[in-house]
Amino acid sequence: MAYWLMKAEPDDVSIDDLAAMPGQTVGWYGVRNYQARNFMRDQMRQGDQVLYYHSGCAVPGVAGIAEVCSGPYPDPTQFDPAHHYYDPKSTPAQPRWQQVDVRLVRKTRFLSLADMRAAPALDGMLVLARGNRLSITPVEPSHWRAVMALLGEPA
DNA sequence: GCCAACGTTGGC
DNA sequence: GCCAACGTTGGC
């Protein structure tokens with residue numbers, strides 16, 4: 001069982017939006033970066049634990065805990081010409097972009113990016129690295145435990 | 001809205 | 001295969 005951090009824009013799917021969805025589950029559509037896609041396609045397993053991170057907003061940070069609840073399958077938005085995430089180079093026969101389903105485990109207290117940067121236990125965490133733009137990053141078990149401690153969640 | 005950082009594209 | 005130009009991300 002592995003740990004991940006996944007960035008969502010709260011204007012799109014916030015932690016509260018996720019909580020309101022059927023089954024509290026969302027398909028992780030819209031990834032258009034090969035490295036992030038490869039994590040979902042090749043490395044994620046059902047049951048992997050996820051830090052649900054709000055980005056592209058006034059106060060970015062971890063908003064909850066989720067888990068991977070499907071294997072990889074084609075992102076449907078890549079085939080829809082009307083969709084923002086349409087990719088004309090992708091076909092249903094040879095889909096380029098994959099997604100997994102992610103289910104809410106629980107909403108937590110909010111741990112801001114600033115608080116994460118201020119926590120020595122999180123030194124070296126990939127999401128904090130300079131210039132990091134990856135929307136999905138693996139999380140070291142020690143960093144996961146440190147985040148749980150900062151959130152006041154049982155490890 | 002700005003801009004640093006990074007990924008992708010495409011000419012050569 | 002190099003690398004300049006361009007587009008995107010994402011914090012501030």
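Throughout, protein chains are lettered first and strands after them, A, B, ... in sequence-line order, and every chain is numbered starting at 1. Both backbone and side-chain heavy atoms feed into the values below; hydrogens, waters and symmetry mates do not.
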Please state how far atom [atom1] in [X] lies from atom [atom2] in [N], giving the value in whole angstrom units.
{"X": "A/Arg32", "N": "B/dT8", "atom1": "CZ", "atom2": "P", "value": "13 Å"}
{"X": "A/His84", "N": "C/dG7", "atom1": "NE2", "atom2": "P", "value": "14 Å"}
{"X": "A/Asp87", "N": "C/dG7", "atom1": "CG", "atom2": "C1'", "value": "15 Å"}
{"X": "A/Tyr85", "N": "C/dT9", "atom1": "OH", "atom2": "P", "value": "7 Å"}

(request) Would you please classify the geometry between the A/His54 ring and the A/Phe110 ring as parallel, tilted or perpendicular, with 30° and 60° separating the classes? (result)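 Because their plane-to-plane angle lies in the 30° to 60° range, the rings of A/Phe110 and A/His54 count as tilted.
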(message) Please verify the inter-ring angle class for A/Trp4 with A/Phe39; under 30° counts as parallel, over 60° as perpendicular, anything in between as tilted.
(response)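 Tilted, since the angle between the ring planes falls between 30° and 60°.
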(request) Mind listing the closest non-hydrogen atom pair of A/Pro60 and A/Cys57 along with its distance? (result)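 Looks like CD-O, 3.7 Å.
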(request) Determine yes or no for a side-chain-to-main-chain donor-acceptor pair under 3.5 angstrom, with A/Gln78 supplying the side chain and A/Arg96 the backbone. (result)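 Answer holds: yes.
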(request) Can you sort out the partners of A/Tyr34 under ring-ring contact (aromatic ring centres under 6.0 Å, His included), two or more places apart, ordered by chain and number? (result)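 So A/Tyr34 forms a ring-ring contact (aromatic ring centres under 6.0 Å, His included) with A/Trp97.
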(request) Before accepting this row, confirm whether a basic side-chain N of the pair A/Arg32/A/Asp75 lies closer than 4.0 Å to the acidic partner's carboxylate O. (result)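 Judged by the 4.0 Å cut-off on N to carboxylate O distance, A/Arg32 and A/Asp75 do form a salt bridge.
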Atom pairs under 3.5 Å: protein N/O with N/O of nucleotides 10-12 of chain C:
from, atom 1, to, atom 2, distance (Å)
C/dG10, OP1, A/Lys7, NZ, 2.9
C/dG10, OP1, A/Arg133, O, 2.7
C/dG11, OP1, A/Tyr53, OH, 3.1
C/dG11, OP2, A/Gly56, N, 3.2

